Protein chains: 2
Amino acid sequence: MPADEPTASRLAKAGVRPTQQRLLVLHALAEEPHDATAQDIYARLREGEARVGLATVYRTLALLSERGIVHELAHRAGETCYRLCGPGHHHHLVCSSCHGVEELRGCDIDPWLARASRPHGFLARSHTLEVYGLCAKCAA
Amino acid sequence: MPADEPTASRLAKAGVRPTQQRLLVLHALAEEPHDATAQDIYARLREGEARVGLATVYRTLALLSERGIVHELAHRAGETCYRLCGPGHHHHLVCSSCHGVEELRGCDIDPWLARASRPHGFLARSHTLEVYGLCAKCAA
DNA sequence: ATAATTGCAAAGCGTTTGCACCCTG
DNA sequence: CAGGGTGCAAACGCTTTGCAATTAT
């Protein structure tokens, strides 16, 4: 089953067997304008002619997240959101109105962080930053 | 039922009736070295002689969170963590080893954020930042 | 052929809710 | 006395898991 070389090889390189349903999940995620839950993806796939089980969607998202192919966000309590992100360190601009997500690159707060946490004797290693506000469309 | 003036009046000022179980929940939370889930608090209270229902703990934490008396953190997926924080804007230094939480004050990344999000046409309004690393004790 | 993957349905968990009783104001 | 607060247990919704059938290499 070819039809989708780039995505398939991306999976293969990550040591994930590129099955039909995994590609479907990945495609569905790619089409989401903002991050989506497992149930969202499942519903989206069911709308079409796709035959994928809910459990498979959960398993797939967990696997892809573990392999770093998708990112797991936790802004909503009670359910996990997933998003297909570009590579490298970045943060998210989350629109409070349309819930769209944009990536904010060029994060240079590490030096600031290191300085700020020094008085605490705290050794900063990583951080998460999410920004809420209005995207260009919704601000208009 | 006096015995706990400061906490009680703090609740009263927030328009929350200072009942016995609300004070118990608040005290339990104050004694937690790091943030705790509703179930954590419930278990802690049950260890003692306190007679508080689980539902009450959930309702209380939700109410206190809504009133800004406790903060709701979402680092763990699947369950909501709560923490009794000082006032004002601040962030958290979360120790990856002991899971202790320290408050990081003096957050001045807003100007940086505003600048960074401008090219996106994004209007930043608020943000969340959590820093992971090692606290002074664990780094030693 | 062999081992991984999938689907279904049941089980698990954290959380919420209905309702009668209790307590506070 | 009136109305919010509480406790219990049942109901919920999201997620995980057991197991037999299916599919990929």
Side-chain angles (χ1 to χ4, degrees), chain A residues 1-5 7-26 28 35-46 49-67 69-70 72-82, chain B residues 1-5 7-9 11-26 28 35-46 48-67 69-70 72-82:
Chain A
M1 172 154 335
D4 188 17
E5 252 320 301
T7 310
S9 64
R10 185 173 178 191
L11 288 183
K13 279 175 192 164
V16 175
R17 204 189 280 185
T19 66
Q20 196 173 145
Q21 21 292 75
R22 284 172 182 170
L23 294 175
L24 285 169
V25 168
L26 217 34
D35 50 353
T37 64
Q39 310 256 5
D40 290 336
I41 300 291
Y42 177 68
R44 204 76 71 195
L45 290 174
R46 280 287 163 123
E49 76 306 315
R51 46 209 161 81
V52 185
L54 177 57
T56 298
V57 174
Y58 274 101
R59 285 189 278 233
T60 298
L61 289 171
L63 177 66
L64 296 181
S65 167
E66 189 181 293
R67 293 301 209 283
I69 296 174
V70 304
E72 195 169 300
L73 306 186
H75 23 88
R76 189 172 304 201
E79 46 189 8
T80 308
C81 294
Y82 294 91
Chain B
M1 169 133 347
D4 187 19
E5 251 320 300
T7 310
S9 64
L11 289 183
K13 279 173 191 164
V16 175
R17 206 191 281 183
T19 66
Q20 196 173 147
Q21 12 306 65
R22 284 173 181 169
L23 294 175
L24 284 169
V25 168
L26 216 35
D35 49 353
T37 65
Q39 311 255 4
D40 290 338
I41 299 291
Y42 177 68
R44 204 76 72 195
L45 289 174
R46 280 287 162 123
E49 75 306 316
R51 47 209 160 81
V52 184
L54 178 57
T56 298
V57 175
Y58 275 101
R59 284 189 279 232
T60 298
L61 289 172
L63 177 66
L64 297 181
S65 167
E66 189 181 293
R67 293 300 210 282
I69 296 174
V70 304
E72 197 168 301
L73 306 186
H75 22 90
R76 189 172 303 202
E79 47 187 8
T80 308
C81 294
Y82 295 90

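Please read all numbers here as calculations on a predicted model, not as lab measurements. Naming convention: chains lettered A, B, ... in sequence-line order (proteins, then strands); numbering from 1 in each chain.
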Can you tell me which nucleotide in [options] comes closest to the side chain of [X]?
X     : options               : result
B:T56 : D:dT6, D:dT15, D:dC8  : D:dT6
B:R17 : D:dA9, D:dT15, D:dG5  : D:dG5
A:T19 : C:dT15, D:dT15, C:dT6 : C:dT6
A:A55 : C:dA9, C:dT17, C:dT15 : C:dA9

Just how far is it from atom [atom1] of [X] to atom [atom2] of [Y], taken to the nearest 0.5 Å?
X     : Y     : atom1 : atom2 : result
B:L11 : B:L64 : CG    : CG    : 6.5 Å
A:L61 : A:I69 : CG    : CD1   : 11.0 Å
B:T37 : B:L73 : OG1   : CG    : 12.0 Å

NA contact type, [X], heavy-atom cut-off 4.0 Å: base, sugar-phosphate, or nothing?
X     : value
B:T37 : nothing
B:Q21 : sugar-phosphate
A:R22 : sugar-phosphate

Could you tell me how far apart [X] ([atom1]) and [N] ([atom2]) are, to the nearest whole angstrom?
X     : N      : atom1 : atom2 : value
A:E79 : D:dT15 : CD    : C1'   : 11 Å
A:Q20 : C:dG7  : CD    : C1'   : 14 Å
B:Y82 : C:dG14 : OH    : C1'   : 11 Å
B:L61 : D:dG5  : CG    : P     : 15 Å
B:L24 : C:dC23 : CG    : C1'   : 15 Å

- Task: Look at A:T80 and D:dT15 and indicate whether a side-chain polar atom (N or O) is within less than 4.0 Å of OP1 or OP2.
- Result: yes
- D:dT16 phosphate, OP1 or OP2: any side-chain N/O from A:Y58 under 4.0 angstrom? no
- Message: Can you confirm whether more than 12 heavy atoms, excluding those of B:R67, are under 6.0 Å from its CZ atom?
- Response: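 Enclosed: over 12 neighbouring heavy atoms sit under 6.0 Å from CZ of B:R67.
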- Distance-only polar pair, side chains of B:T56 and B:Q21, donor-acceptor under 3.5 Å: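 There is no such pair between these side chains.
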- Item | Base of D:dG7 paired with side chain of B:R59 (donor-acceptor, under 3.5 Å) |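 By the distance-only test, yes, there is a pair.
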